[in-house]
Amino acid sequence: MKIDKNQFKLFLKFLRYLLPYRKKQIIVLILAGGDVLLGLVNPYLSKLVVDKAILNRNIKLFIILGLAGTAIFIANGLVAALSSLLKRGIRLKVNFDINKSVFSHLQRLPLGFFHDKSTGEHMYKINSDIERTVDLIVSVPEESITIFPTVLLTLIIIFHLNWQMAIFSILLTPMLYLPSYYFTRRMHAVWKTLFKNEERIFTRLGEVFSHMYLIKAAGKEKKEIGNYLKALIENIRMQIKNTRLEVSNNFIQGGFNRLILGVLALFGGLQIIRGRMSMGTLTAIIIYVGQLNGLQGRLAYFFQRVTYGLISCKRLEEILQEKPTAREV
């Protein structure tokens, strides 16, 4: 997914809503970094368990490493829980601030603006677009700290464990991200159409509810039902198209994941047979590569949220750029 200069400027413009809560956001980023580091420790402990404890039949070391792994697992859970609590609080406050800004600006606009656009369209933007914009500016910084450094650190650790396996992993890793890159580009147009369709549904509902007495007086209930169902059917068609792309992405991605793990296990087995690597090292590397596979799913969702958020930012910006009436300036 490519972000152009204008989209980046738009993201920075809306990021200002996060500034009043920057201290809490910094804590969230620190916790995210800690979560990444803790998550990278346990696979290495697995190597020590296999090579130092199990193969040497060292029960004491086995218990110590097991307790260390348990402590890290609990610490991981506590860090994740605290981070989630802080993020939820920040999201609620940023959501309130953007709602206040957009709604206040709407109140200052001339009547002509409301004649050109429907009530349902405004309702949709205040509801859905604000929610997606909040998700973008609150979650993206933390996800960036979590995903991309984890990929880099994981590859560094694999290189430390066995440089041949590391180079092999680096050559195979891009295969994990090719399907997500391809399908995210395909789904971008579908998402934009979905937003438009959902907005039309909100628009239709707003018009029907505001003119219900006229509809009943003219006996046009069946006609309005038909129009509403047509809008729903069109939305369902686009959702089905989006679902097909997502299922195709997941299917191909799953195949790539299994293929990569299988090839790595085969190559690692040959390394063990030749005495170039221990069983514990292969165990740790397989776990690390499995984590990279898991990150691929998060990366695909990350790009999806960024795309959703940037589309919604642009739609909100269209409102905020409207000029207020002269007497209100």
Side-chain angles (χ1 to χ4, degrees), residues 15 17-54 58-97 131-161 176 257 261 280-281 283-306 309:
L15 199 63
Y17 288 101
L18 196 59
L19 290 179
Y21 316 105
R22 56 187 177 276
K23 291 183 180 179
K24 288 185 178 180
Q25 184 66 19
I26 289 172
I27 295 175
V28 169
L29 296 179
I30 292 172
L31 290 173
D35 189 49
V36 168
L37 295 176
L38 288 171
L40 293 173
V41 173
N42 268 333
Y44 197 83
L45 283 180
S46 299
K47 164 184 165 52
L48 297 178
V49 167
V50 174
D51 288 344
K52 304 296 183 180
I54 295 178
N58 191 329
I59 297 177
K60 182 179 179 181
L61 181 59
F62 180 81
I63 294 174
I64 292 173
L65 292 174
L67 291 174
T70 302
I72 292 172
F73 179 78
I74 294 173
N76 241 327
L78 292 174
V79 168
L82 181 57
S83 177
S84 177
L85 183 63
L86 287 172
K87 281 193 296 183
R88 286 177 181 270
I90 294 171
R91 284 178 67 97
L92 290 173
K93 292 174 181 178
V94 172
N95 189 298
F96 175 83
D97 292 343
E131 184 61 33
R132 284 190 282 260
T133 298
V134 170
D135 185 59
L136 173 71
I137 62 180
V138 173
S139 299
V140 164
E142 189 242 343
E143 289 289 328
S144 299
I145 289 290
T146 303
I147 296 175
F148 300 105
T150 302
V151 173
L152 180 60
L153 289 173
T154 301
L155 291 175
I156 290 173
I157 293 173
I158 295 175
F159 197 93
H160 170 72
L161 291 173
L176 293 173
N257 290 346
L261 286 176
T281 298
T283 301
I285 289 175
I286 293 296
I287 295 174
Y288 280 124
V289 174
Q291 289 182 344
L292 287 178
N293 290 354
L295 283 175
Q296 182 280 328
R298 288 180 58 190
L299 188 64
Y301 184 50
F302 171 80
F303 286 140
Q304 178 179 320
R305 292 160 79 185
V306 170

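In this text, all values refer to a predicted model and were calculated from it rather than measured experimentally.
Interatomic distance, CD1 of I286 versus NZ of K47, reported as 14.0 Å (0.5 Å rounding). Put simply, CD1 on I30 and CG on D35 are 13.5 Å apart, with the number rounded to the nearest 0.5 Å. Going from atom OG1 of T146 over to atom CZ of F302 covers 10.0 Å, rounded to the nearest 0.5 Å. The CD1 atom of I147 sits 14.0 Å away from the CG atom of L152 when rounded to the nearest 0.5 Å. To the nearest 0.5 angstrom, I158 atom CD1 is 5.5 Å from L292 atom CG. The distance from atom CG of L86 to atom CG of L82, rounded to the nearest 0.5 Å, is 5.0 Å.
Side-chain contact between F62 and N58: absent, with no pair of heavy atoms (C-beta onward) separated by less than 4.5 Å. A heavy-atom distance below 4.5 Å is not found between the side chains of V138 and Y21. Residues Q25 and I90 have side chains in contact (heavy-atom distance under 4.5 Å, counting atoms from C-beta outward). Using a 4.5 Å heavy-atom cutoff, the side chains of Y288 and L161 are in contact. T283 has its side chain out of reach of V49: every pair of non-hydrogen atoms, C-beta onward, lies at least 4.5 Å apart. S139 is listed as a side-chain neighbour of R91, based on a closest heavy-atom distance under 4.5 Å. Side-chain contact between L37 and L153: present, with at least one pair of heavy atoms (C-beta onward) separated by less than 4.5 Å. Contact of the E131 side chain with the N95 side chain is registered, since non-hydrogen atoms from C-beta on lie closer than 4.5 Å.
Residues A284 and P43 approach most closely at CB-O, 3.3 Å, considering heavy atoms. Taking every heavy atom of both residues into account, D51 and G280 meet most closely at OD1-N, 2.8 Å. Nearest heavy atom pair, residue L136 against residue V306, reads CD1-CA, 3.8 Å. Summarising the geometry of A53 relative to L65, their closest heavy-atom pair is CB-CD1, 4.4 Å, with the distance given to 0.1 Å. Nearest heavy atoms, S144 versus P149: O-CD, 3.0 Å. The two atoms that bring S46 and I287 nearest to each other are OG-CD1, 3.6 Å, heavy atoms only.
Between the side chain of Q291 and the main chain of T154, no donor-acceptor pair closer than 3.5 Å is present. The backbone N or O of L19 lies less than 3.5 Å from a partner atom in the side chain of R22, making a donor-acceptor pair. Proximity of a side-chain donor or acceptor of S84 to a complementary backbone N or O of A80 within less than 3.5 Å is not detected. Side chain of S83 to main chain of V79: no donor-acceptor pair is present (N/O by atom type, distance under 3.5 Å, no hydrogens or angles).
Heavy-atom neighbours of F148 CZ from other residues, nucleotides or ligands within 6.0 Å: above the threshold of 12.
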